[in-house]
Amino acid sequence: MAFDFDYHVHTTVSYCHEGDLTIDNLLKLAKEKGLKGFAVTDHAHHLYFDNKSAWQYKYITDYNLFLSAMEIGDKKFEDYLNLIANYNESNNENSPKLLIGTEVDVAQNGKAVFNAKYRDKLDVLIGGIHWLPCIKNGLDSKTLLIEFMDFTMMLMENDIDILAHPTRIFRANKMEIPKEVIRPIVMKAKEKGIAIEINSHNYPDPDVQFIRSCIDEGVKLSIGTDTHRIAEFGDFSMQKRILSEAGINDNMLDDVLFTHDNKD
Ligand SMILES: [Zn+2]
Ligand SMILES: [Zn+2]
């Protein structure tokens with residue numbers, strides 16, 4: 001059913017959380033809000049790098065940094081997966097279900113900053129662009145556009161289920177979203193069976209035109225609050241509003257929205 005799962009939620013595992021995001025707190029709130037469950041999608045690279053290195057994003061341009069961090073990081077990643085799985089085992093059947101997920105970035109060599117050997121253990125793998133090499137070198141809009149398209153296309157080659165906040169990087173850098181990015185991303189999502197996220201963290205992303213294009217091409221839309229602070233969790237008011245602006249009424253929701261149990 002529509003809006004019974006939140007497919008993008010961070011916990012205290014992610015350095016960027018803003019407090020209170022323990023799994024216990026989220027489960028309690030999910031129950032109060034009548035959610036059937038939610039996906040825990042902490043940043044994979046936060047399990048492989050310390051807080052400072054994580055934000056420097058050097059592993060995006062130098063994948064060897066990730067390979068060097070793998071041995072220790074894998075252990076932390078496995079602990080993370082086990083923690084979520086253990087909750088599901090110890091919770092009773094009336095408890096909201098936790099989906100095991102993670103949010104990955106893509107490096108300049110086209111590989112996800114994530115150990116693909118864990119792919120089969122995940123209910124949902126989401127991919128997002130958070131940083132691009134041109135940001136380090138001072139932005140110009142033409143380079144940003146080229147890098148954005150290159151990295152987005154590479155990210156979508158990494159077996160992700162959901163493309164998170166597809167155009168946020170433009171807004172985050174106070175730039176207009178170039179309309180020409182919409183069609184190639186939507187067509188790639190269609191080819192790969194990837195859902196496009198409607199993300200409500202800080203500002204809605206993507207816009208109505210992008211969402212409309214997904215609907216026209218039969219690309220599923222995924223509901224994700226991208227919770228970093230507890231007040232965001234399970235609040236789908238923005239997604240409901242933007243879907244309505246895109247001409248989707250309640251009867252059509254089940255046809256256009258992503259659900260984890262019928263993904264490819
Ligand atoms: Zn993200
Ligand atoms: Zn996120």
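Start at 1 and go down the list; that is how both ligands and their atoms are numbered.
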key: Asp250 atom CG, neighbour heavy-atom count above 12 within 6.0 Å   = no
key: salt bridge (Lys or Arg N to Asp or Glu O under 4.0 Å) partners for Asp159, two or more places apart   = Arg119
message = I need the full list of salt bridge (charged side-chain N to carboxylate O under 4.0 Å, His left out) pairs touching residues 33-49, with sequence neighbours left out, sorted by first then second residue.
response = Asp4-Lys36
request  = Fit a plane to each ring of Phe114 and Phe77, take the angle between them on a 0 to 90° scale, and name the class: parallel (under 30°), tilted (30 to 60°) or perpendicular (over 60°).
outcome  = perpendicular
message = Just to be careful: counting only protein atoms that are N, O or S, how many fall under 2.8 Å of the Zn ion (ligand 1)?
response = 3
With sequence neighbours excluded, residues passing salt bridge (Lys or Arg N to Asp or Glu O under 4.0 Å) with Asp62 = none
ask   = Near the Zn ion (ligand 2), is there an N/O/S atom from His10 that is less than 2.8 Å away?
value = yes
task = Please determine, by modelled atom types, if Asn199 and Glu197 share a side-chain donor-acceptor pair under 3.5 angstrom.
result = yes
